[in-house]
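See below for the structure under consideration.
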Amino acid sequence: MTSEAEARAAPPHRYPGGDPGADPRYPYLQALNEEQRRAVLAVDGPVLVLAGAGTGKTRVLTTRLAHVLHTGRAGPGQVLAVTFTNKAAREMKDRVAGLLHRPVEGWWLGTFHALAARMLRRHAELVGLQPNFTIIDTDDRLRLLKQLLAAEDIDDKKWPARAIGFAIERWKDRGLLPDKVSAGEAGDLAGGRILEIFQAYQERLARLNACDFGDLLLHCLTIFQSHPEILEDYHRQFRYLLVDEYQDTNVSQYLWLRLLAQGHRNICCVGDDDQSIYGWRGAEVGNILRFDQDFPGAEVVRLERNYRSTGRILAAASGLIAHNEGRLGKTLWTEGEEGERLRVRGFWDSPGEARYVGDEIESLHRKGESLNGMAILVRTGAQTQEFESRFVDIGLPYRVIGGPRFYERMEIRDALAYLRVVNQPDDDLAFERIANKPRRGLGDSSLRLLRETARAQDISMMQAAKLLLGTDELRPQARRSLVALVESFDRWRDQAEHGNHVELAEIVLDESGYTAMWQEDKSIEAPGRLENLKELVGAMSEFESLGGFLEHVSLVMEAIQGEGDEMVTVMTLHAAKGLEFDTVFLAGWEDGLFPNQRALDETGLRGLEEERRLAYVGLTRAKQRAIVTFAANRRIAGNWTSVIPSRFIDELPDELVEKESDPGLYGAHGGIGGFGDGFAAWGETRLSPGMARARAREGQAERFIEVSATRVDSLPAGGFSTGERVFHQKFGYGTIAQVEGDRLSIDFDKAGDKKVMANFVVPADQAG
DNA sequence: AGTCCACCGTTTTTT
DNA sequence: ACGGTGGACT
């Protein structure tokens, strides 16, 4: 610790008797184990807490915060605590309040984006924004980019605005603005003009007095770098930094943290490299792997004692994740029960899988297990449908997490757009969204005129509207409508200053004709949309002002989820991070689906390792039992496709797994061509070359990993090679398109593209 | 301006 | 298979 930091810190505390856990002044420490206590008490200097799944991470984080506050080392306003989701922030806030037996007010706890926005509002003018700048979301971004692409005459068929948006977002994740992106990296995106588009996009945002999510961080970085005195103020203010889910930080978040931590270096990052599953959206596992280089002398605390899962679940998860390279390495252990072996079950097709899961849930439920304690975790959102339809059939209550969120619904965005224009008349994106919603005769041509006038005069569309109303350029009908609309907004703005914002929302939705539009709409969704609008208005009452509400909405894009009733949960593996269930069904473990082919195609071995971490996250959600399922046939993008079991199944240590076979199903295959290679492949897996090699090396972890890592894409599969003609019992003749270990992608003459195990095909000339 | 048809894409998700 | 979108037609 530096002497400076020492001087700033509160008087040093001594822990009598060498056992602070027993110190009556710190009752909250007693609930911790030794490593957790170390993580809590190492308050000064950089600390990395490597918190394995289920090791009490949140408890450590919250206790640490409580400890800093309780010992008077810092007041609430002097701690910066960063999370990724609002949910995590809320939980932390509640739990610290619980530990201290009082609510904590006035602290800086929130998501990266919320905290950055809070800072940016203070210094907005330094980056050319006004303090009331708008935060645009992906939908606004898409509209804006479409306009820009059209203006630049770029074919948005070939270069979809969505893809351009992603590219820009990824650059911003890495802290890059258009001037920092190399031409090579820009590639031929947008016909080689992506950087022009990026630049134009930034200029448009500035002119709109708006920024996107990435900009919240980037603008902060700009300010910190150009105004050291502001950064120093924050150094003085924030004595302690606390970061959750550090493995998910991207470069710009990392830079932001590093700048803020520079002064006193009292930064504590908590995370788990094995649970890094957001690489595809810019997260850099490297941040956590590099921590002790970024912060020399960092204390590293490993939390390895798991309080969640049975011994066998832990061992299976550990065995699986051991196949990854470049880990910091942890060994989770438990004093809990050994538990059941994992079940792995295969089915003919995905409906069969769903049937089994449904039956199994009912059977567990009859034995007294709570439905709330059960979850089905899937790789892709599309998989939930199969389970939903089965659960509806058998009347099993369920909830699906994910899907379109409340604030993403069309009617909510429309309503918000009205409110945004009231709040900020120059918010062009919002204005354009609702100018002709409901239809009021302000069609494309009128809007184009407005847009062009605005651009030519360098004013907002609202201002352009007022300008155009003084001319004859608009057709009479459009003119009348526009007069009415502009007058309405003036009136509403006036009311916004006087009346309360909840009433205002009602007035706006009513007088604009927006509510009426849905009332007249005869579609089946209309009543639901009206319901949502009511809910929106209701939600506003919890905020002090319209501005406050809008800020909340743009940063907290989540709906209020109803818990409560007995229901099983269906969700993606990503959505399951941080949760736990007694029973976890891990469905759809098939190569191509999981690990996901696209992840493999795009990022190769890195992608595979991230998929494996996803499997690890899934397994470690289970407290009592984990059931892995796969199907031999699944509909992918509409077509029934024959698929083979996930390679991750082979990677589960054999002695921990109970490969239950349903006699009816397995007995039926017996080499009769019609039953499908999935089952055959499953039955034969133990004989496959890859497995045999793996088996031979059981207990020799290092060599095992080495072999399995290479086997993925380089070992020849029984001598087959790309381009070779082969014959398959069920699919007939075909040409090998790709060889991945003992798995072959074959382009069959009749059956199309399939993946099959190598030992189910023979060279074409040996057929018959 | 509104409706209909053809075509395309289809992993994960926060803010 | 399906839903969303964009273009063309009425």
Side-chain angles (χ1 to χ4, degrees), chain A residues 82-89 110-118 135-142 146 150 155-158 160-163 166 169 172-173 211-218 244-245 248-250 252-253 276-283 377-386 401-405 407-408 410 436 438-446 475 477-478 525 551-559 571-578 588 592-603 607 610-611 613-615 617-618 634-641:
Chain A
V82 198
T83 62
F84 267 84
T85 65
N86 294 291
K87 198 174 145 209
T111 63
F112 276 99
H113 294 91
L115 295 168
R118 187 166 163 189
I135 302 167
I136 70 161
D137 58 29
T138 13
D139 205 63
D140 294 322
R141 180 179 74 186
L142 194 66
K146 275 184 180 164
D155 182 7
D156 70 343
K157 280 267 164 47
K158 196 159 175 227
R162 188 176 293 275
F166 285 144
E169 190 177 333
K172 287 189 177 178
D173 285 340
C211 52
D212 64 16
F213 290 124
D215 287 340
L216 293 171
L217 273 304
L218 286 183
D244 192 14
E245 306 280 14
D248 288 337
T249 50
N250 61 33
S252 81
Q253 288 159 340
S276 161
I277 56 175
Y278 286 110
W280 52 272
R281 65 171 201 217
L377 307 185
V378 295
R379 176 63 180 84
T380 72
Q383 287 169 260
T384 61
Q385 193 274 330
E386 197 80 73
I401 309 283
R405 284 169 301 170
Y407 291 115
E408 278 170 0
M410 184 204 338
N436 203 30
R439 294 210 164 81
R440 44 171 79 90
L442 288 172
D444 280 351
S445 50
S446 312
R475 294 218 314 274
Q477 201 206 333
E525 301 99 59
E551 176 91 351
H552 165 83
V553 169
S554 49
L555 292 168
V556 185
M557 297 288 294
E558 67 181 17
M571 63 181 138
T572 63
L573 289 159
H574 284 92
K577 190 160 87 156
L593 182 61
F594 188 42
N596 188 274
Q597 190 59 47
R598 208 164 136 180
L600 265 39
D601 291 345
E602 279 168 14
T603 42
E610 182 154 311
E611 295 286 303
R613 290 193 292 267
L614 204 44
V617 167
R634 183 176 297 276
R635 219 159 45 187
I636 294 170
N639 315 314
W640 282 100
T641 315

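Proteins get letters first, then strands, A, B, ... in listed order; numbering begins at 1 in each.
- Rounded to whole Å, the distance from CZ on A:R613 to C1' on B:dT12 is 13 Å.
- Checking B:dT15, B:dT13, B:dT12 against every side-chain atom of A:T111, the shortest atom distance belongs to B:dT15.
- If you find the closest nucleotide of DNA chain B to A:N436 and to A:L573, the one lying nearer the 5' end belongs to A:N436.
- The phosphate of B:dT12 (OP1 or OP2) has no side-chain N or O of A:R281 nearer than 4.0 angstrom.
- A straight line from CZ of A:F112 to C1' of B:dT14 spans 12 Å, rounded to a whole angstrom.
- Rounded to a whole Å, the CD atom of A:Q597 is 15 Å from the P atom of B:dT10.
- Considering only the side chain of A:T572, B:dT12 comes nearest among B:dT15, C:dA1, B:dT12.
- Regarding contacts with the backbone of B:dT14, every side-chain N or O of A:N86 stays at 4.0 angstrom or more from both OP1 and OP2.
- Atom CZ of A:R635 and atom C1' of C:dA1 are 6 Å apart (whole Å).
- When each of A:H574 and A:R440 is assigned the nucleotide of DNA chain B bearing its nearest heavy atom, the one mapping closer to the 5' terminus is A:R440.
- Residues passing the ring pair (Phe, Tyr, Trp, His ring centres under 6.0 Å) test with A:F84 are A:F112, sequence neighbours excluded.
- Here B:dT15 presents its C1' atom at 13 Å from CG of A:D140, a figure rounded to the nearest Å.
- Phosphate contact (OP1/OP2 of C:dT5, side-chain N/O of A:K146, threshold under 4.0 Å): absent.
- To the nearest angstrom, C1' of B:dT10 lies 11 Å from CG of A:N596.
- Regarding A:Q253, its CD atom lies at a distance of 9 Å from the C1' atom of B:dT15, rounded to whole Å.
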